[in-house]
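A quick write-up on the structure given underneath.
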Amino acid sequence: MEHRILNRYPLGNPRRVWRQDNFILSTFRAHTTALREGLTNCAECGFNLLEMGWASHEAAEESLRICEELQVDILFQDFSRFGGMQEWHLDRGPWNGAKAVTDHTRPYRHCYGYYIWDEPYKDDQLAEARRVVDLFQKEDPARLPFTVAIPSYNDIYTWQNGQFADYLERYVTVIDPPILSLDYYPIGLPGYTDEHQLDDSLVWCDLGVMRLLGRKYQMPLWFYYLGMNLYKYPHFEFPMVREQMYAAAMYGCKALQHFTVVDTVITDDGQRGPFFEQQKAIHREFKKLGNTLMALENRYVFHSPDLLPDVPFFKGLADDIAESDIFAAALPTRLSAGELCDAYGNAYVMVLNRDFTVEQTVSLPLKKAYRLYEVSRETGRQSVLCDSTESISLTLAPGDAVLLRVQDAKDEPFTLEYRLTKDEE
């Protein structure tokens with residue numbers, strides 16, 4: 001069988017300098033009483049970017065040195081010198097210290113970028129975040145000047161009052177960030193129940209509008225998922241984490257940002273925590289899938305009809321299955337699917353079991369006979385799963401997903417892989 005090697009290129013906002021080469025697995029904070037042990041275990045767990053948001057001067061400097069020794073990238077912030085969180089630190093006044101910061105970090109090869117602002121949402125916060133992003137781009141254009149938007153369950157801009165979509169577009173257009181990152185932590189929010197899981201969660205609305213804006217403004221998407229028991233929910237289990245990670249990938253996100261590792265991946269004293277091995281295993285999966293995921297663009301997202309059926313603002317934030325080029329019928333209960341494609345017209349689907357308590361065995365009718373290739377989570381390679389079929393038959397563990405390439409069964413079979421090149425874009 002023919003094996004093809006196709007080029008893929010770095011991703012980024014065309015109006016910004018910075019570009020993303022590879023799939024990111026990051027954590028927001030790894031602040032522990034034993035910083036070296038905590039960062040070492042995060043690196044061992046497979047995080048390839050350690051974000052140090054809200055770090056004190058001492059923690060920021062120590063983290064910079066430790067990450068250089070560990071050869072793991074760091075998103076640097078010294079909160080005593082620069083950066084903001086919502087309205088905090090607007091009292092700095094017109095800050096112009098970017099050159100001093102970038103001169104200091106320049107010798108550190110693993111300084112990936114700068115954590116500029118966490119959840120700016122008012123006009124003055126957005127304006128200051130934009131100004132500081134521009135300063136850092138001017139002084140250190142190869143590194144990421146990072147910001148993240150506020151989710152829809154804030155006190156001002158919500159889906160219920162009709163203002164969240166406008167806020168998020170204003171965030172995008174005012175800051176014009178290199179990537180569009182959003183956080184949403186659904187499990188245990190008021191109204192969340194075991195019975196309904198995420199069937200009623202507005203996380204799907206936030207992901208939906210983010211996907212549309214990323215497409216409109218040509219920005220890679222990053223997403224913070226809930227990796228810890230933030231709201232002290234009595235049944236917080238790892239399949240809940242897995243579902244969020246694969247859901248973000250299904251929507252086309254190129255970075256999965258874990259909030260946050262303490263008490264889950266690591267303990268407060270930096271040792272390995274209760275989810276360490278499970279998080280490490282899923283990181284191995286995404287590292288194998290990541291090269292393919294970086295080459296793909298999301299075209300459609302479909303959900304089973306039981307997801308947010310009576311929520312008016314969900315309209316237009318997911319696609320109608322009738323538009324599908326591949327699927328021939330509505331999806332079964334608690335199932336979602338994304339259609340993705342590469343720049344060469346090769347088509348893929350990611351199928352997600354949204355039920356994080358029950359294994360699902362499903363058969364999904366297709367519009368014609370397809371050859372199916374599975375993208376291996378163990379090797380990243382593609383192999384023929386079925387040479388000709390008019391349905392996709394799968395058994396998916398709770399909260400799990402699978403990435404398949406689909407090809408007209410009449411065409412000659414071939415496997416493929418992607419090679420990063422920076423020769424041209």
Side-chain angles (χ1 to χ4, degrees), residues 10-22 24 26-29 48-55 57 60-61 63-64 67 73-90 92-150 168 170-183 210 213-214 217-224 253-255 257 425:
L11 303 176
N13 178 342
R15 298 167 301 281
R16 289 291 185 182
V17 177
W18 177 86
R19 293 293 180 266
Q20 180 179 352
D21 290 342
N22 296 301
I24 296 294
S26 80
T27 178
F28 172 68
R29 284 169 67 85
N48 55 18
L49 178 63
L50 302 181
E51 304 176 22
M52 298 307 292
W54 309 346
H57 176 71
E61 290 300 306
S63 299
L64 200 60
C67 286
D73 289 342
I74 179 173
L75 195 56
F76 178 73
Q77 186 180 61
D78 177 345
F79 211 36
S80 71
R81 297 181 69 184
F82 71 93
M85 190 279 174
Q86 297 181 13
E87 71 275 11
W88 296 353
H89 286 188
L90 276 178
R92 294 184 197 272
W95 183 82
N96 291 296
K99 185 177 188 306
V101 172
T102 57
D103 284 348
H104 173 63
T105 60
R106 192 162 283 114
Y108 293 91
R109 294 175 54 252
H110 288 278
C111 181
Y112 190 81
Y114 306 95
Y115 203 117
I116 306 298
W117 215 279
D118 186 2
E119 299 184 346
Y121 65 101
K122 294 183 179 178
D123 289 345
D124 54 353
Q125 300 161 24
L126 295 170
E128 179 63 6
R130 169 60 185 260
R131 193 182 69 82
V132 177
V133 165
D134 288 346
L135 287 176
F136 274 96
Q137 177 174 275
K138 177 183 176 183
E139 298 297 339
D140 199 351
R143 289 175 174 167
L144 170 65
F146 175 81
T147 62
V148 55
I150 200 167
L168 195 60
R170 191 164 69 257
Y171 167 93
V172 165
T173 54
V174 172
I175 300 177
D176 201 17
I179 53 94
L180 173 53
S181 176
L182 185 65
D183 58 325
M210 180 174 74
L213 290 173
Y217 293 100
Q218 300 176 270
M219 294 177 181
L221 304 181
W222 291 21
F223 186 71
Y224 282 102
C253 293
K254 307 305 183 190
Q257 300 171 272
E425 295 185 44

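Note that the numbering runs from 1 along the sequence shown for the chain.
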TODO: Take F223 and D183 through the test side-chain contact (heavy atoms from CB on, under 4.5 Å) and record every step on the way to the result.
DONE: CA-CA 6 Å; F223 186 71; D183 58 325; over 6 Å; no

Open item on the list: Could you report the tightest heavy-atom contact between T147 and S181, atom names first, then the distance?
Closed with: O-CB, 3.8 Å

- [ ] Check for a donor-acceptor pair, side chain of N13 on one end and backbone N or O of P177 on the other, with a separation under 3.5 Å.
- [x] yes

- [ ] Measure the spacing between CG of L75 and OG of S63 and express it to the nearest 0.5 Å.
- [x] 11.5 Å

Task: Pair F136 and F82, ring centroids less than 6.0 Å apart - done: yes

TODO: Mind running ring pair (Phe, Tyr, Trp, His ring centres under 6.0 Å) on F79 and W88 for me, showing each step along the way?
DONE: CA-CA 10 Å; F79 211 36; W88 296 353; 7.0 Å; no

TODO: Could you list the residues that satisfy salt bridge (charged side-chain N to carboxylate O under 4.0 Å, His left out) with R15, not counting sequence neighbours?
DONE: D176

Open item on the list: For a 4.5 angstrom cut-off between non-hydrogen side-chain atoms, does L50 reach T27?
Closed with: yes

Task: Polar side-chain atom of Q77 near backbone of W54 as donor-acceptor pair, under 3.5 Å - done: yes

Open item on the list: Any heavy-atom pair between the side chains of I74 and M52 that's under 4.5 Å?
Closed with: yes

TODO: Report yes if the side chains of V133 and I175 come closer than 4.5 Å at any heavy-atom pair, otherwise no.
DONE: yes

Task: From CG (L135) to CG (D140), nearest 0.5 Å - done: 12.5 Å

- [ ] Please confirm whether the backbone N or O of C67 pairs with a side-chain atom of H110, one donor and one acceptor, at under 3.5 Å?
- [x] no

- [ ] For E139, enumerate each residue passing the side-chain contact (heavy atoms from CB on, under 4.5 Å) test, keeping only those at least two apart in sequence or located in another chain.
- [x] A98, K99, T102

Open item on the list: So which atom in R29 and which in G53 form the shortest heavy-atom distance, rounded to 0.1 Å?
Closed with: NH1-O, 3.0 Å

- [ ] Look only at the side chain of R16 and the backbone of I179, and say whether a donor-acceptor pair between them is shorter than 3.5 Å.
- [x] no

- [ ] Applying side chain to side chain donor-acceptor pair (under 3.5 Å), name anything that partners Q218, two or more places apart in sequence or on another chain.
- [x] none

Open item on the list: Are Y171 and L213 packed together at the side-chain level, in the sense that at least one heavy-atom pair is separated by less than 4.5 angstrom?
Closed with: no

Task: P14 versus R19, closest heavy-atom pair with distance - done: CA-NH2, 3.6 Å

Open item on the list: To check you understand the geometry: which heavy-atom pair defines the closest contact between A129 and I116, and what is its length?
Closed with: O-CG2, 4.2 Å

TODO: Examine distances only and state if a side-chain atom of E61 and a backbone atom of H57 form a donor-acceptor pair shorter than 3.5 Å.
DONE: no

TODO: For the residue pair Y112 and R143, confirm or rule out a side-chain donor-acceptor distance under 3.5 Å.
DONE: no

Task: Y224: partners by side chain to side chain donor-acceptor pair (under 3.5 Å), with sequence neighbours left out - done: E51, Y115, Q257

Task: side chain to side chain donor-acceptor pair (under 3.5 Å) partners of Y108, counting only residues at least two apart - done: none

TODO: Apply side-chain contact (heavy atoms from CB on, under 4.5 Å) to V172 and L180, showing your working.
DONE: CA-CA 7 Å; V172 165; L180 173 53; 3.9 Å; yes

TODO: Run the numbers on H104 and L64 for side-chain contact (heavy atoms from CB on, under 4.5 Å), then give the verdict.
DONE: CA-CA 11 Å; H104 173 63; L64 200 60; 4.1 Å; yes

Task: V148 side chain reached by F28 side chain, heavy atoms, under 4.5 Å - done: no

Open item on the list: According to salt bridge (charged side-chain N to carboxylate O under 4.0 Å, His left out), does anything in residues 107-130 pair up with another residue at least two apart or in another chain? List the pairs.
Closed with: D123-R170, E128-R131, R130-D134

Open item on the list: Restricting to non-hydrogen atoms, name the atom on I150 and the atom on L182 that form the minimum distance, rounded to 0.1 Å.
Closed with: O-CD1, 3.5 Å

- [ ] Count the heavy atoms of every other residue, nucleotide or ligand shown that sit under 6.0 Å from CH2 of W95, and state whether that count exceeds 12.
- [x] yes

- [ ] Could you check if a side-chain atom of K254 sits within less than 4.5 angstrom of a side-chain atom of I24, using non-hydrogen atoms only?
- [x] no

Task: C253 and M210, any side-chain heavy atoms less than 4.5 Å apart - done: yes

Open item on the list: Between F146 and W222, is there a side-chain heavy-atom distance shorter than 4.5 Å?
Closed with: yes

Task: N/O donor-acceptor pair under 3.5 Å between W18 side chain and G12 backbone - done: no

